[in-house]
Amino acid sequence: MTETVARERLLTRLVGARWDDDEAEQLHETSRRQLASEFFRRKAVWANALGITERWPFSNIALALDPSVESDPTWVERLEDESGHELNNPLVRKVITDMFRWASLGGRPYERFPEFDDPYEPMVQVFELGGEFWNGQAGIELPIAGVVYGSLDDRLAQAPIPIDAETLATLDDQDRIELDKVRARAAQRAQQTREPPS
């Protein structure tokens, strides 16, 4: 896959992300937490191998692999234009800029580390399933709960978390059930307030 094709594919996925969808955030809360945890694990693996652990989990692994790789702002500009969503969150903007840098390397990172997983795939899915995250005190914040960074050593010791569609859908089933319960209770309360006292 050429670098341009890789960046175009990434752009297509990010344009299709559910950036401003509150319901998606609630329906995918559990899977997004798991994806964020796996993102931190994978970034720990790459940062450790490349010797750039001091800025983990947001160290720029693409630049560590190839210091000549440039950040082309047109990709982020295209994302904002085509999605209609402005990336005002500096940390999210940085992560997405790093994603496009990584895509520009094509398959070169895996020639050096063939056993490593794609470091950014979990975070791409975080965006696809519910849009942005926010910077928290010791981790990132999602609408209902946060995900702590943990220590680098803890993340290196963490077992890989499956992020296939079937596993994520199973995780989200409970979120869907809970959201349905909340809606049912809200509808019941609304009905009770409309009913005249007997």
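We use all heavy atoms of the structure for the numbers below, so side chains are in, but hydrogens, waters and symmetry mates are not. This is a predicted model, so every value here is computed, not measured.
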Quiz item: Heavy atoms, side chains only, cut-off 4.5 Å: are Trp102 and Val69 in contact?
Solution: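 SC-SC contact between Trp102 and Val69 ruled out.
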
Quiz item: Side chains of Trp134 and Leu142: closer than 4.5 Å at any heavy-atom pair?
Solution: no

Quiz item: Any idea how Phe58 and Phe133 line up, ring-wise: parallel (<30°), tilted (30 to 60°), or perpendicular (>60°)?
Solution: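 Answer is parallel, since the angle falls under 30°.
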
Quiz item: What are the two closest heavy atoms between Thr53 and Ala47, and how far apart are they?
Solution: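 Nearest pair, atom of Thr53 first, then Ala47: CG2-O, 3.8 Å.
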
Quiz prompt | Qualifying residue for salt bridge (charged side-chain N to carboxylate O under 4.0 Å, His left out) with Glu121, from Arg13, Arg9, Arg41 | solution =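 Result: among Arg13, Arg9, Arg41, Arg13 is the only option passing the salt bridge (charged side-chain N to carboxylate O under 4.0 Å, His left out) with Glu121.
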
Salt-bridge test for [X] and [Y]: reply yes if a basic N is under 4.0 Å from a carboxylate O, no otherwise.
X: Arg78; Y: Asp81; answer: no
X: Arg42; Y: Asp118; answer: no
X: Arg33; Y: Glu38; answer: no

Please check this pair: side chain of [X] against backbone of [Y], looking for a donor-acceptor N/O pair closer than 3.5 Å.
X: Trp19; Y: Leu14; answer: yes
X: Ser59; Y: Ile61; answer: no
X: Thr167; Y: Ile163; answer: no

Practice problem: Let me see the working for Gln125 and Tyr120 under side-chain contact (heavy atoms from CB on, under 4.5 Å), right down to the final yes or no. | Solution: CA-CA 9 Å; Gln125 292 192 47; Tyr120 290 104; over 6 Å; no

Quiz item: Picking from Glu25, His28, Glu23, what satisfies side-chain contact (heavy atoms from CB on, under 4.5 Å) with Arg18?
Solution: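 Among Glu25, His28, Glu23, the one that satisfies the side-chain contact (heavy atoms from CB on, under 4.5 Å) with Arg18 is His28.
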
Exercise. Sort and list the pairs that fulfil salt bridge (Lys or Arg N to Asp or Glu O under 4.0 Å) and have at least one residue in residues 148-158, not counting sequence neighbours.
Key: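 Not a single pair qualifies under salt bridge (Lys or Arg N to Asp or Glu O under 4.0 Å).
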
